[in-house]
Structure formats: C-alpha cells, structure tokens
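In what follows, a single structure is set out as structure tokens and then discussed.
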Amino acid sequence: MSESVAPAVAGLFVADEHGVRVLGAKCEACGTPYFPSVPVCHNPACPGSRMQPCGFGGRGVVWSYSIANFAPPPPHKYDQPFRPYAIAVVDLASGLRLVGQMVDPPEAVTVGAAVELVIDTLYHEQGKAFTTWKFKLV
Amino acid sequence: MQEVAVVGVGLHRFGKAGDAIVGNKSVTELCRHAVDMALQDAGISWRQVQAVSAASSRFSGGKGWGLNGNDVVEDLGSTGVPVYNLSAGCAAGGNAFNVGWSLVAGGVYDVVLVVGGEVMPKGMIQTAGTEEVTDPEFLRQRCVGIPGPAFWSMLARRRMHEFGTTEEQMATVTVKARRCSVGNPFARFQQAITLGDVLNSPYVSNPLRLFEICPVSNGAAAAILCSPQKARQFTGKPVWVAASAVATLGFDDSLPRNLAGPVPTGPSYHTEVMGAVRKAFERAGIGPRELSFTELQDNTCYYELAYPEEWGLCEPGEAEHLVEAGETAPTGRMPINPSGGFVSFGEATTAMGVFQIAEVTWQLRGQSGARQVPDASVALAQTNGLGGNATAAILKR
Ligand SMILES: [Zn+2]
C-alpha cells in the first residue's frame with residue numbers, strides 16, 4: 001500500500017515533467033524574483049511593478065549552511081526521534097537565493113557544493129507523509 | 001539642533017528568571033531599580049523628567065500592548081509626562097535612545113528619561129505563533145524549521161569559508177568576552193572561562209556552541225539625557241552624544257532572513273547596521289579608527305569578528321588575528337565590548353541599547369574599574385533587531 005502524501009503547505013511547490021520548482025513570482029519590470037509570491041514589487045528602484053507567476057528550480061550552489069542540532073519550536077513539525085539536519089542557503093542558477101533543508105546528512109554538506117531542488121518528506125501525521133522542498137547534493 | 005548630554009545612567013544586574021539576582025521581579029521592578037539609579041547618578045528627581053522614551057517589550061509588562069513606558073511612569077508617580085513607547089525588536093533600546101536624543105537635540109524637552117527592561121520567556125523564543133500561510137515566518141518554520149541561532153551559524157559558517165576562521169578562533173572571542181565580565185557588578189556571568197570550556201560546550205547550531213551564543217536574560221537599563229544648559233546645572237562631567245542614528249535594511253540586503261531573495265551581485269552583510277553606523281560616523285565627524293572602544297551587539301562571537309571589519313575599524317580578514325593578539329581586550333588597540341557584551345550579560349532584548357549607553361558612559365567617565373579602557377574618550381554603541389532595525393550612537397567625553 002502506498003503512503004498518502006500531501007504538501008506541508010499547499011501551493012508553494014510543484015513537481016511535474018518540467019522538474020521541481022518552488023512557486024513564486026518575478027517582476028517583469030525590474031527582474032526581481034520572489035518566493036513566496038508577493039502582489040507588488042518591493043524594489044524601491046523598480047520603474048513600475050509588473051508581477052508574473054514564476055517557478056524557480058534546478059541546480060544551485062550552497063552559499064552557506066547551518067545545522068539544527070536541536071529541534072526548532074512549533075510551528076515546526078518533525079518525526080520523532082529528532083535527527084539533526086542541515087539548513088542550506090542556496091544560490092539557484094535561476095536567480096533565487098533560497099533557504100531549505102538538506103536531504104543529505106549534515107557532515108556531507110559544504111559551502112560551495114552543487115545541489116538540486118527536490119521534494120522530500122518533512123514529517124508524518126495521521127498516516128500521511130507531509131512534504132516540502134529540500135536540496136540534495138549532486 | 002542643540003548638543004545632548006548623558007548625565008545619569010543605571011542598570012539592574014542581569015540574571016535568569018528565578019535566580020538569586022532577578023528572582024521573580026517584574027519588568028516594572030527591574031526598571032524602577034535602573035531608573036532610580038540613573039536619577040541618583042544625575043542628581044535629579046523624577047519630577048524633573050519632562051518626557052520618557054521607552055523601549056517596548058512584546059514579552060512582559062506593558063499591559064500586553066508594549067506600553068512599558070506607561071508602566072514605568074505609573075510606578076514612579078504619574079506626573080502626566082509624555083511617553084513614547086518604541087518597538088524595534090532587539091534594537092528597541094537603541095531606538096528609544098535615538099528618540100530621546102532627538103527630543104532633546106530638537107529643543108522639545110530639556111530632560112528626558114530613556115528606559116528599557118525585560119522579563120524574558122523561558123526557552124527558545126517563538127515567532128508570532130499563528131499558523132497563517134500568509135505569514136512568511138510561519139512558512140519558514142513549518143516548511144524548513146530554522147531555529148533562532150541558525151541565522152547566526154549560517155553567517156559564521158560563511159566566514160569560516162571566506163577567511164579560514166577556525167572554531168578555536170571563534171571560541172577565543174568568547175573567552176575574551178567572559179574575561180571582561182569578571183568584576184563587572186552588572187553582568188549575569190562574572191567568571192572567566194577557558195578555551196576548553198567553550199569548545200566542550202555542545203553545539204546549539206553547528207558551528208556555534210552553547211557558550212558562544214548569548215542566552216536570554218532579565219534586566220533593565222536607564223539613562224537621563226539633557227540639554228547643555230541643564231547638564232551644566234546637574235553635573236560637572238557630562239558625557240556628550242556626538243551622534244545618534246537609526247536605519248533599516250536596504251532592498252539589496254541578501255542575508256537569509258526570509259525564505260528567499262534575489263541572488264546578490266555583491267557581498268552579503270547587515271545593510272541596516274552598516275546604514276546606522278555609517279550615518280553615526282558621518283554625523284559625528286569621527287572615523288572608525290578614532291574610537292577608543294566599541295560596544296556592539298554580540299548575540300554570538302561571529303559579530304565581534306565581522307562587524308569591526310565591515311565598519312572599517314580594521315581590515316577584512318584581520319579580526320581573528322587582533323582577537324588572538326589581545327587587541328580587542330580593554331587594553332588593546334581595538335577594544336570591543338569591555339562590558340563583557342551580550343555573551344556575558346545575556347540578552348534582555350529591549351534593555352540592550354540602553355545598557356550599552358550605561359557602559360559607555362561609565363567608561364568615558366573612567367569609572368569602569370578592572371575593565372576600564374585606558375583614557376577612553378570616544379566610543380560607539382550599536383544594536384540591531386528583528387525587522388531589519390539598527391541603531392548606532394557615538395558618545396564622547
Ligand atoms: Zn520590480
């Protein structure tokens with residue numbers, strides 16, 4: 001029996017034939033990327049907000065990372081027993097600096113490592129796996 | 001604009017809820033102690049205070065609305081003075097000082113009380129607590145899970161990559177900070193610790209360890225600001241405010257505060273802090289290498305290394321060597337946090353900007369005992385807080 005799966009928060013990411021992407025927006029006037037989406041461009045130098053939905057995915061490079069040695073307080077959710085994980089700040093080639101958990105064990109992560117965006121389980125609740133975006137070393 | 005003098009300062013020693021220092025004292029009791037001390041230091045009475053600029057807490061007191069200044073006024077005696085309650089996260093004390101300074105500098109009032117106090121909740125500070133998918137902080141915690149110290153450890157890890165900083169060098173910063181706190185009657189921790197103690201403390205967020213991250217504390221701080229004319233009536237030795245500045249972050253700020261932002265083309269640093277510190281140097285007409293010492297917001301040892309370089313106090317990549325050579329100690333050529341800093345006091349969030357003013361004032365008067373910076377004549381105090389708030393003040397003899 002396959003486990004039923006749902007996103008931890010709906011509408012933030014997608015995995016389809018084009019790959020994995022977080023769903024944000026981009027201002028067509030000034031090129032600023034946003035995730036999550038915002039209704040109006042925040043760039044004070046923008047000539048005039050023109051927001052369009054935009055997905056960001058693909059590969060990137062770890063700018064830095066930290067390790068959660070202890071579980072964050074709610075509203076974070078995780079499976080018991082808590083296992084330390086790395087949180088990476090990744091500069092995606094698609095122009096977004098994005099924060100996310102690493103799939104790989106903390107010891108394997110380095111600054112400058114090449115990673116790709118993936119969807120992975122964050123926690124289980126009531127027999128369901130709840131997913132989020134993460135990064136994986138390539 | 002007129003000159004502004006600091007004529008009195010006071011602190012309630014910092015401690016942990018339930019301990020022998022702060023016990024179960026309310027934020028109002030802590031503030032009363034600090035304000036009484038500042039009034040006595042200035043040689044004035046409560047009834048001479050013409051306005052109150054108060055850092056407002058979201059954690060305790062303030063009638064649940066951050067009205068902490070109103071609590072203080074009620075407690076000291078309702079004289080009808082105007083009260084300004086200011087919220088800026090960990091920069092609130094700095095903001096309250098800036099507004100107090102502005103009110104005196106602009107000639108609106110002659111005598112202003114600046115006050116900040118805090119009774120902190122136990123454990124890790126939670127964010128808003130609402131489960132709203134429109135709240136970016138909820139998304140950060142639910143979808144990723146970023147404990148408070150993780151932001152600092154990301155910055156520390158990046159510095160290790162850029163400059164080859166070692167964990168031993170970061171631990172040395174904490175050893176220096178705790179050595180400064182020995183004999184500081186207001187510090188929560190007043191005992192020196194060894195490199196081994198720091199390196200044996202557990203990781204809270206690798207590469208940062210328990211002893212390298214400031215805990216939360218309860219405490220309070222107060223300062224009395226005056227016009228020059230009043231200052232001369234009250235004291236023969238006022239300390240002068242050479243500059244007070246506030247800034248918020250710039251759109252080009254690329255630190256990982258949120259879930260995402262544009263990949264930057266230049267370096268990543270605290271733009272709000274740079275904004276406030278630069279303005280303070282400009283307005284004071286004082287250069288970064290002219291400071292006798294600096295009190296900066298060391299939530300963690302990383303900042304004692306990064307900030308002096310970002311502000312031009314020393315060259316990029318030089319900070320580790322200055323720390324190892326003892327140059328950041330009170331007797332060194334670039335003293336940082338002679339008070340012992342946040343790492344020795346713990347963070348009573350809204351009190352911090354005012355706590356720094358108290359330390360700077362004592363140092364500039366030559367009253368700091370074992371931690372005295374020799375012949376201190378001009379100093380910088382800096383805070384930053386949630387929301388991208390930052391403050392900087394330069395005080396001189
Ligand atoms: Zn735009």
Side-chain angles (χ1 to χ4, degrees), chain A residues 7-13 22 24 31-36 42-46 56 60-78 84-101 106 109-112 122-123 130-134, chain B residues 121-162 202-210 250-265 267-268 302:
Chain A
V9 174
L12 288 178
F13 52 85
V22 293
T32 302
Y34 292 91
F35 174 72
H42 298 164
N43 180 1
C46 181
F56 303 92
V61 171
V62 175
W63 178 76
S64 191
Y65 67 96
S66 69
I67 296 169
N69 293 93
F70 295 93
H76 186 61
K77 292 185 175 183
Y78 59 97
Y85 54 86
I87 306 152
V89 184
V90 171
D91 288 348
L92 291 171
S94 46
L96 196 71
R97 173 171 280 186
L98 177 66
V99 179
Q101 279 194 20
V109 182
T110 55
V111 174
L122 188 64
Y123 65 96
F130 288 87
T131 58
T132 188
W133 72 90
K134 295 188 187 179
Chain B
K122 290 192 181 107
M124 274 201 207
I125 296 169
Q126 289 193 26
T127 45
T130 52
E131 301 213 351
E132 293 284 342
V133 295
T134 51
D135 177 0
E137 190 51 32
F138 167 71
L139 295 181
R140 243 166 66 91
Q141 296 308 339
R142 174 59 54 82
C143 298
V144 183
I146 309 176
F151 174 74
W152 301 322
S153 67
M154 285 168 187
L155 302 188
R157 176 66 64 186
R158 181 68 195 180
R159 185 172 179 90
M160 292 168 81
H161 173 77
E162 283 181 6
Y203 286 122
V204 172
S205 182
N206 185 324
L208 298 178
R209 297 171 183 277
L210 184 63
F251 181 72
D252 58 344
D253 190 286
S254 53
L255 295 186
R257 305 167 194 261
N258 303 307
L259 280 176
V263 174
T265 51
S268 304
Y302 163 82

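The basis for the numbers below is simple: all heavy atoms, side chains too, and nothing from hydrogens, waters or symmetry mates. Treat the numbers as computed from the prediction; the structure is a model and nothing was measured.
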For [X], which atoms come within 4.5 Å of any heavy atom of chain B: side chain, backbone, both, or neither?
| X | value |
| --- | --- |
| A:Y123 | side chain |
| A:L96 | both |
| A:L92 | backbone |
| A:F35 | both |

Name the member of [options] that forms the most heavy-atom pairs with chain A at distances under 4.5 Å.
| options | answer |
| --- | --- |
| B:L259, B:L155, B:V133 | B:L259 |
| B:P207, B:P136, B:P264, B:P202 | B:P264 |
| B:N258, B:N206, B:L208 | B:N206 |

A:W63/B:H161 under side-chain contact (heavy atoms from CB on, under 4.5 Å): CA gap, chis, key distance, verdict | CA-CA 10 Å; A:W63 178 76; B:H161 173 77; over 6 Å; no
Minimum side-chain heavy-atom gap A:I87-B:S153 below 4.5 Å |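 When only atoms from C-beta onward are counted, B:S153 and A:I87 do not touch, as no gap falls below 4.5 Å.
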Do A:V111 and B:R157 have side chains that get closer than 4.5 Å, going by heavy atoms?
->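 In short, these two side chains touch, coming nearer than 4.5 Å.
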I'd like to know if the side chain of [X] reaches the main chain of [Y], judged simply by a donor and an acceptor atom lying under 3.5 Å from each other, with no hydrogens or angles considered.
| X | Y | result |
| --- | --- | --- |
| B:Q141 | A:H76 | no |
| B:S205 | A:A68 | no |
| A:S64 | B:R158 | yes |
| A:N43 | B:F251 | no |
| B:R142 | A:P75 | yes |
| A:Y85 | B:G145 | yes |

Which heavy atom in B:C143 sits nearest to a heavy atom in A:T132, and how many Å separate them?
-> O-OG1, 2.9 Å
For the candidates A:K134, A:K77, A:Q101, which exhibits the highest count of non-hydrogen atom pairs separated by less than 4.5 Å from chain B?
->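 So the answer, after comparing A:K134, A:K77, A:Q101, is A:K77.
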What distance separates B:F151 CZ from A:S66 OG, expressed to the nearest 0.5 Å?
->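 Between atom CZ of B:F151 and atom OG of A:S66 there are 10.5 Å.
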Might you work through the side-chain contact (heavy atoms from CB on, under 4.5 Å) test for A:V99 and B:R140, ending with a clear yes or no?
-> CA-CA 9 Å; A:V99 179; B:R140 243 166 66 91; 5.7 Å; no
